[in-house]
A.B. asks: 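First, the structure itself, so that you have it in front of you.
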Number of protein chains: 2
Amino acid sequence: MAQPKKRPRGETRRRILRLAAEWLQQRGYHGFSFGQIAEALEIQSSAVHYHFPAKPDLVAAVFAGYREDFAWWCEQQAKSREGALAQIGHFLDLEARNLDDERVCPLGVAGVEYASLPAEACAEAEALRDDLAAWLSRRLETGRERGELAFDGAAMDQAQLIMAAAQGALQLARLHGQADFRAVRRALLTGLRHPTVQA
Amino acid sequence: MAQPKKRPRGETRRRILRLAAEWLQQRGYHGFSFGQIAEALEIQSSAVHYHFPAKPDLVAAVFAGYREDFAWWCEQQAKSREGALAQIGHFLDLEARNLDDERVCPLGVAGVEYASLPAEACAEAEALRDDLAAWLSRRLETGRERGELAFDGAAMDQAQLIMAAAQGALQLARLHGQADFRAVRRALLTGLRHPTVQA
DNA sequence: GTCTATAACGTGATAGAC
DNA sequence: GTCTATCACGTTATAGAC
């Protein structure tokens, strides 16, 4: 029988998280199993259970990872000191990266499967939603104050429109093609650039 | 689709379809089973298999039902002879009905679980997407021609924005509350009403 | 940290009686 | 059209060896 492969500390855990994130965004929570992860990584399913006692633990960790990644991205973004419209464009580009390997936004997964998702995963997803909403509405608010952006209504309404549209567009892109996402990106940014009417 | 036009008058069949549609939109494709449907309807799981040989058949039939319902809705809508903005508002209200029992848009389910969904279901979902996109872009196009609506870019881009935003907003509403959907509805319609700038 | 082995269960699906 | 009975399989999860 094959000897266990020695791997650097924490390497297996990272590989599990990485694959689980990919499949979660491609197939949904119920669309992959510990056994499939084990097979793909050429380890035993009980090795997966060692790192993550149960599936809710694994998926909650995946969502927590999304939050870490987004926090890191925000830090990098803050350094660039770009305008609000450019930053929001970069946010849409961040979402667009999911198109490369046919993923959807993790919030979409949580939203669709909400009623069949473990509570831990829901809680992390809600926190991620709050992170995104806070970042977006802040950019929109200051962008409007500085006259860079024009839109009617509350900044938070606009932030939710952007989140919802990006997430929905990634899903529609799978049904009809990546052009659908670009169409939505175009429509969103055009709407923001649009100067308010002088009455 | 496997099932021809002729629909058996069976009450059981209708009850199965109704419950499957509800659960599909609440839990996703993998979030419910024949056994659970049988239990809820107090029949045997093999009775479900009688009406729908396999799960893909059932779910494809559910999607086909969505298309029929939407076609019927379009007919009713055509009779009203309302303006484009009002009609698009009604479309968003149609989506908003899903909030009542915490469902999401079926296209969201298909988009999220695409990689783990049977091909029959994907095909029906794509057809439904085309139905919605065609109806919306037509309203947008004629609305703009008549000066009722104002937006930049292609009508189809705008149609995709509306579809994506509505679908994403239903999902976000589950994570944070129904107000999120209303915020998106507001932002969308405000954007359309916004008069183009006179340069 | 990974393995073997296995438990306990739910799943989609089928055959055939009534 | 619905039932009983059953199947093979995949699933999550645990115990204990190395």
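Each chain gets a letter, A, B and so on, in the order the sequences are listed, and its residues count up from 1. Values below: every heavy atom of this structure, side chains too, minus hydrogens, waters and symmetry copies.
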A.B. asks: Give the rounded distance in Å between these two atoms: CZ of Arg15(A) and P of dG1(C).
C.D. replies: 15 Å
A.B. asks: Given the structure, check if the side chain of Ser46(B) and the base of dT4(D) hold any donor-acceptor pair shorter than 3.5 Å.
C.D. replies: yes
A.B. asks: Whole Å only: how far is the CG atom of Leu41(B) from the P atom of dG1(D)?
C.D. replies: 16 Å
A.B. asks: Could you state the atom-to-atom distance from CD of Glu42(A) to C1' of dC3(C) in whole Å?
C.D. replies: 15 Å
A.B. asks: Would you mind telling me which of dT11(D), dC3(C), dT4(D) lies closest to the side-chain atoms of Gln44(B)?
C.D. replies: dT4(D)
A.B. asks: Tell me whether Met156(A) is reachable from Leu136(A) by hopping between hydrophobic residues (I, L, V, M, F, W, Y) whose side-chain heavy atoms are closer than 4.5 Å.
C.D. replies: no
A.B. asks: For residues Asp157(B) and Ala187(A), report the shortest heavy-atom separation together with the two atoms involved.
C.D. replies: O-CB, 4.1 Å
A.B. asks: Just the rounded figure in Å: distance from P of dT14(D) to CZ of Phe34(A).
C.D. replies: 10 Å
A.B. asks: Counting only side-chain nitrogens and oxygens, does Tyr50(A) get under 4.0 Å of the OP1 or OP2 atom of dT2(C)?
C.D. replies: no
A.B. asks: Please determine whether a side-chain nitrogen or oxygen atom of Thr12(B) lies at a distance below 4.0 Å from atom OP1 or OP2 of dT2(D).
C.D. replies: yes
A.B. asks: Check the side chains of Thr12(B) and His51(B) for a donor-acceptor pair under 3.5 angstrom, ignoring hydrogens and angles.
C.D. replies: no
A.B. asks: Between dT11(D), dA13(C), dC3(D), which nucleotide gets closest to the side-chain atoms of Ala47(B)?
C.D. replies: dC3(D)
A.B. asks: Does Ser33(A) have a side-chain nitrogen or oxygen under 4.0 Å from the phosphate oxygens OP1 or OP2 of dG10(D)?
C.D. replies: no
A.B. asks: Can you identify which nucleotide, out of dC3(D), dT11(D), dC3(C), has its nearest atom closest to the Ile43(A) side chain?
C.D. replies: dC3(C)
A.B. asks: At a heavy-atom distance below 4.0 Å, what parts of residues 51-66 of chain A sit against DNA chain D?
C.D. replies: Ala54(A), Lys55(A)
A.B. asks: Relative to the ring of Phe63(B), is the ring of Tyr66(B) parallel (under 30°), tilted (30 to 60°) or perpendicular (over 60°)?
C.D. replies: perpendicular
A.B. asks: Could you verify whether a donor N or O on one side chain and an acceptor N or O on the other, from Glu82(A) and His90(A), lie under 3.5 Å apart?
C.D. replies: yes
A.B. asks: Whole angstrom is fine here: how far is it from CD in Glu11(A) over to C1' in dT2(C)?
C.D. replies: 15 Å
A.B. asks: Taking side chain to side chain donor-acceptor pair (under 3.5 Å) as the criterion, tell me which of Arg13(B), Arg15(B), Arg14(B) meets it with Glu11(B).
C.D. replies: Arg14(B)
A.B. asks: Whole angstroms only, please: what is the NE2-P distance between His49(A) and dG16(D)?
C.D. replies: 17 Å
A.B. asks: Applying the side chain to side chain donor-acceptor pair (under 3.5 Å) test to Arg103(A), which of Gln25(A), Glu95(A), Gln26(A) qualifies?
C.D. replies: Gln25(A)
A.B. asks: In whole Å, I'd like the distance from the CZ atom of Phe32(A) to the P atom of dT11(D).
C.D. replies: 11 Å
A.B. asks: Rounded to whole angstroms, how far apart are OH on Tyr29(B) and P on dT11(C)?
C.D. replies: 13 Å
